[in-house]
Colleague: 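Input: one structure, supplied below.
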Amino acid sequence: MNYFLIIAEIISAASVIIGTVSAFWVWIKRIVEGLRCQLRSEMLHTYYKHQEDNTLRQYEYENFMLMYKAYKALKGNSFIDKIHDEVEKWKVEP
């Protein structure tokens with residue numbers, strides 16, 4: 001009889017743990033989604049700001065490349081790849 005109580009307690013604890021992990025996972029996915037969106041938005045802002053003259057300041061270029069690296073690490077899609085490839089060809093000023 002005690003075995004049934006132990007098994008029931010284990011199942012109950014496991015379901016609580018699974019529920020907590022599941023909620024935490026959903027929360028993490030939303031944060032990652034938000035970070036990707038923010039990175040994409042900032043890179044596009046930089047791109048459109050300098051698109052006419054095709055010139056970036058050194059710090060803007062470095063920031064753009066760091067954002068691109070982070071975006072790709074977060075499984076960002078290929079839309080930004082074309083923007084990145086174009087920005088790499090731009091003139092970088094000190």
Side-chain angles (χ1 to χ4, degrees):
M1 186 89 156
N2 286 336
Y3 293 118
F4 292 119
L5 289 175
I6 293 171
I7 291 172
E9 288 178 9
I10 290 172
I11 291 172
S12 175
S15 65
V16 168
I17 291 170
I18 290 170
T20 303
V21 168
S22 175
F24 185 69
W25 185 254
V26 168
W27 182 71
I28 291 293
K29 284 177 69 174
R30 287 184 180 159
I31 289 175
V32 167
E33 200 174 296
L35 286 171
R36 268 196 317 256
C37 183
Q38 189 66 36
L39 287 165
R40 183 176 51 246
S41 175
E42 189 64 30
M43 285 185 287
L44 287 174
H45 174 76
T46 300
Y47 173 77
Y48 288 124
K49 181 180 173 184
H50 299 284
Q51 185 179 19
E52 287 184 25
D53 59 357
N54 293 345
T55 302
L56 285 174
R57 306 289 272 165
Q58 180 69 34
Y59 73 91
E60 289 175 313
Y61 177 79
E62 290 171 2
N63 284 341
F64 186 93
M65 293 305 155
L66 289 171
M67 287 187 288
Y68 175 77
K69 184 177 178 181
Y71 181 77
K72 293 310 278 186
L74 293 172
K75 308 285 190 228
N77 61 24
S78 63
F79 168 72
I80 286 293
D81 290 342
K82 294 176 186 176
I83 303 291
H84 169 265
D85 293 345
E86 190 173 328
V87 168
E88 277 192 316
K89 298 173 187 173
W90 290 0
K91 180 181 177 186
V92 178
E93 296 179 342

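Side chains included, hydrogens not; waters and symmetry mates left out as well; all remaining heavy atoms used.
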Colleague: With under 30° as parallel and over 60° as perpendicular, where do the rings of H50 and W90 fit, or are they tilted in between?
Modeller: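 Aromatic pair H50/W90 classed perpendicular.
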Colleague: Distance check, rounded to the nearest 0.5 Å: E33 atom CD versus R30 atom CZ?
Modeller: 8.5 Å
Colleague: So which of L74, I80, L35 actually passes side chain to side chain contact (heavy atoms under 4.5 Å, CB included) with R40?
Modeller: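 Exactly one option meets the side chain to side chain contact (heavy atoms under 4.5 Å, CB included) with R40, and it is I80.
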Colleague: If you compare all heavy atoms of K89 against all heavy atoms of D85, which two are closest, and at what distance to 0.1 Å?
Modeller: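 Reported closest heavy-atom pair: CG-O, 3.6 Å.
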Colleague: Find the distance between OG1 (T46) and CZ (R57) and round it off to the nearest 0.5 Å.
Modeller: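 Separation between the atoms: 14.0 Å.
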Colleague: In Å, rounded to the nearest 0.5 Å, how long is the span from CD1 of I83 to CZ of F64?
Modeller: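 Answer rounded to 0.5 Å: 7.0 Å.
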Colleague: What is the distance from atom NE2 of H84 to atom NZ of K69, rounded to the nearest 0.5 Å?
Modeller: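 Rounded to the nearest 0.5 Å, the NE2-NZ separation comes to 11.0 Å.
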Colleague: Linking I/L/V/M/F/W/Y whenever any side-chain heavy atoms sit under 4.5 Å apart, do V32 and W27 land together?
Modeller: yes
Colleague: Going only through I, L, V, M, F, W and Y residues with side-chain contacts under 4.5 Å, is there a path from Y68 to Y48?
Modeller: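 Yes, one cluster joins them.
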Colleague: Hydrophobic cluster membership, with links at side-chain heavy-atom distances under 4.5 Å among I/L/V/M/F/W/Y: are V21 and I28 in one?
Modeller: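 No.
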Colleague: Would you compute the distance between atom CE of M65 and atom CD of E88 and round it to the nearest 0.5 angstrom?
Modeller: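 Those atoms lie 4.5 Å apart.
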Colleague: Quick check: is Y71 connected to L66 through a chain of hydrophobic side chains (ILVMFWY, heavy atoms under 4.5 Å apart)?
Modeller: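 No: no chain of side-chain contacts under 4.5 Å links L66 to Y71.
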Colleague: Between V87 and Y61, which heavy-atom pair has the shortest distance, and what is it?
Modeller: O-CE1, 4.2 Å
Colleague: Using a distance-only test with no angle check, is there a side-chain donor-acceptor pair under 3.5 angstrom linking Q58 and E62?
Modeller: yes
Colleague: Would you say D81 and K72 make side-chain contact, with heavy atoms under 4.5 Å?
Modeller: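 Contact flag for D81/K72 side chains = yes.
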Colleague: CG of L5 to CD1 of I10: how many Å apart, nearest 0.5 Å?
Modeller: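 If I round to the nearest 0.5 Å, the distance is 11.0 Å.
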Colleague: If we ignore hydrogens and angles and just use 3.5 Å, is the side chain of S12 paired with the main-chain N or O of A8 as donor and acceptor?
Modeller: no
